[in-house]
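These notes concern the structure reproduced below.
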Amino acid sequence: MSKYISKKLDNLTAYTPGEQPKQGEFIKLNTNESPYPPPPTCANALMDEVFSLNLYNDNNCTKLTEAFAESYDVSTENVIFSNGSDEMLAFCFYGFCDDTVPAVFPEISYGFYKVYSQLFNINPDKIPLADDLSINYKDYLNKNATIVIANPNAPTGLALSLTEIEEIVTSNKNNVVIIDEAYVDFGGDSAIPLTKKYDNLIVVGTFSKSRNLAGARLGYAVANKELIVDLNKIKYSFNPYNVNALTQTLGLQSILQDDYFNNCVKKIVTVRDKFTKELEDLGFNTIPSKANFIFTKHSKISGENLYLELRKAGVLVRYFDDPKINDYIRITIGKAAEMDEVLNKIKVILEV
Ligand SMILES: *Cc1c(COP(=O)(O)O)cnc(C)c1O
C-alpha cells in the first residue's frame, strides 16, 4: 500500500477470487463456471463485430435488451446490463444503502456483499443461517433496511421459495429487496415475474454460470422501471460503456440459442444429482443443491484436508476457512467424465 491511498480504504479487505490456474493444470471445480463453451454461433457473430470495434459500443445494449426482454417476458424498460453481476451488485449497494439505510444479508453468503459494504461504508446487519445452513426467511421480515439475498444461496445451494421471497418483499415496502439469482437456472424459481407486481424488488442475474460466459462479464438487473432509472443514473455516472460490444454480441447469441443453453443446464443438473448420490454412498453428507455446485462434508476428513488432498490429486475445489462451514468443501459440477474422475480420486483419498 502506498502512503497516498485514501484513509477511507484503511479498513477495506478486497474480495479474494477463487484461484484461476493455468489451463489444463487442474480439473477446475472451484469457481462455479460452466464446463461447456458458449454456443457455436458465437464465433461468426463475433467476427461480424470485430471490425466495428473502432467505434464505441451501444451503451444501451439495445439488441441484447430487446432479446432478453422478450425471452424473460418483461419490458425493455425493466432491464439493465452490467459488466458482470458483481458490478450490478456494486451499483445496488451504492444506490440503495447508506448510513441511515443499512444492508441486511445472510452471514454466510456471497463474499462480495461484505466487500461492497466496506467499500461504500455501509454497516451491514449479517444474519446467521439456521443450523441446517438454510436461510430462515422470517429473519428478513420488516427490517427497515436494504435486503440482499442470494437465491439459491452460495455456498450452500439452498433456495427460498417464491412465496417466502414475496413475503420478504411485501413486509419491506419502504426498502429495496435485492435477489441475486446467479444460480437460479439450476433449480430455483426466478423472482423476475414478481418484479411486475412490486416496485421494491430487484432481481440480479449473471451470464457467468448457467450461460457459459464467465469470461465475457455480463450481468443484469430486472426491476420496476423507476429502479432501473436509478441504476442507470449510477451506471451513467460511472461507466456508460460498461458492457463492451463483443460481450453484448455473446449475450445475444446465448439468448437466441435457447436450446443450447437449456441443454447445458440439463446436463449439469443430471450430473449433479448422480454425483451427489455417489458421494452419499461413500458416506458424504451433501446439502441438497439447486445450483451448479454441491456443498458436502465427510466425518472422516476435514474440509481443509479434503481440499488439500484433492489439490494434490489435481482437482481444484473451494474450501472456506470459517468455523461454521469448515467441515465442508464446495465442488462445482463439471462434465460427467470429470466428475467420475473426481469420484475415483476421492475414493483413493478416503481409502474406500
Ligand atoms: C458468481 C456469482 C456472482 C457474480 O457473477 P459475475 O456475473 O461473474 O460477476 C454474483 N452472485 C453470486 C451469488 C455468485 O455466485
Side-chain angles (χ1 to χ4, degrees), residues 14-20 28-35 38 61 64 68 79-94 103 105-117 119 124 126 129 133 135 147-160 165 177-188 190-192 202-222 231 235 238-239 242-244 247-248 250-251 254-255 261 265 268 272 287 289-295 317-318 320 325 328 330-333:
Y15 181 73
T16 315
E19 192 178 344
Q20 301 296 349
K28 188 176 182 309
L29 307 175
N30 67 332
T31 50
N32 299 341
E33 293 138 315
S34 170
C61 304
L64 176 59
F68 183 97
V79 183
I80 176 175
F81 286 94
S82 57
N83 190 318
S85 61
D86 288 339
E87 186 184 60
M88 190 63 73
L89 291 166
F91 291 172
C92 289
F93 274 83
Y94 186 68
F105 49 80
E107 186 180 38
I108 292 171
S109 190
Y110 186 42
F112 241 125
Y113 305 156
K114 287 179 195 167
V115 178
Y116 287 139
S117 299
L119 181 62
K126 290 169 273 187
L129 297 180
L133 300 186
I135 291 173
I147 291 166
V148 187
I149 294 179
N151 195 47
N153 195 18
T156 62
L158 290 169
L160 293 176
I165 301 268
V177 175
I178 297 152
I179 303 297
D180 178 352
E181 296 193 344
Y183 301 105
V184 77
D185 295 326
F186 301 103
S190 175
I192 286 179
I202 302 178
V203 175
V204 174
T206 178
F207 281 51
S208 293
K209 315 284 165 54
S210 59
R211 288 190 177 273
N212 325 317
L213 283 171
R217 314 303 304 129
L218 185 62
Y220 58 86
V222 180
L231 289 167
K235 160 179 157 154
F238 181 69
N239 179 9
N242 57 345
V243 181
N244 75 70
T247 292
Q248 291 185 38
L250 293 165
S254 173
I255 289 169
F261 157 67
V265 168
I268 290 165
R272 176 192 71 199
I287 295 179
S289 170
K290 294 199 165 172
N292 67 337
F293 57 81
I294 54 159
F295 206 45
V317 300
R318 194 90 192 250
F320 299 89
I325 50 171
Y328 289 84
R330 191 193 69 190
I331 309 175
T332 304
I333 301 302

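Note that ligands are numbered from 1 as they come in the structure, with each ligand's atoms numbered from 1 the same way.
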Of the protein's non-hydrogen atoms, which lies at the shortest distance from [atom], and what is that distance?
atom: atom 5 (O) of ligand 1; answer: Ser85 OG, 3.2 Å
atom: atom 9 (O) of ligand 1; answer: Arg217 NH2, 2.7 Å
atom: atom 13 (C) of ligand 1; answer: Asp180 OD2, 3.4 Å

Which atoms of ligand 1 have any heavy atom of [X] under 4.0 Å away?
X: Thr206; result: 5 (O), 6 (P), 7 (O), 8 (O)
X: Asp86; result: 3 (C), 4 (C), 9 (O)
X: Gly84; result: 7 (O), 9 (O)
X: Tyr183; result: 1 (C), 13 (C), 14 (C), 15 (O)

Subject >> Value rounded to 0.5 Å, distance of OG1 in Thr156 from CD1 in Ile325 >> reply: 9.0 Å

Original post:
How far does OH of Tyr328 sit from CD1 of Ile108, to the nearest 0.5 angstrom?
Top reply: 9.5 Å

Original post:
Tyr183 vs Phe293 aromatic rings, parallel, tilted or perpendicular, using cut-offs 30° and 60°?
Top reply: perpendicular

**OP:** May I ask you to decide if the ring planes of Tyr113 and Tyr110 are parallel, tilted or perpendicular, using 30° and 60° as cut-offs?
**Re:** perpendicular

**OP:** For side-chain contact (heavy atoms from CB on, under 4.5 Å), just list the numbers for Asp86 and Arg217, CA-CA rounded to whole Å, side-chain angles, deciding distance to a tenth of an Å, and then say yes or no.
**Re:** CA-CA 9 Å; Asp86 288 339; Arg217 314 303 304 129; 3.7 Å; yes

**OP:** Using a 4.0 Å heavy-atom threshold (strictly under), name the region of Ser208 that reaches ligand 1: side chain, backbone, both or neither.
**Re:** side chain

Original post:
Lys209: heavy atom below 4.0 Å from ligand 1, yes or no?
Top reply: yes

Original post:
Any luck finding a side-chain donor-acceptor pair between Thr206 and Lys209 under 3.5 Å?
Top reply: no

Original post:
Which heavy atom of Gly251 sits nearest a heavy atom of Phe207, and at what distance?
Top reply: O-CE2, 3.6 Å

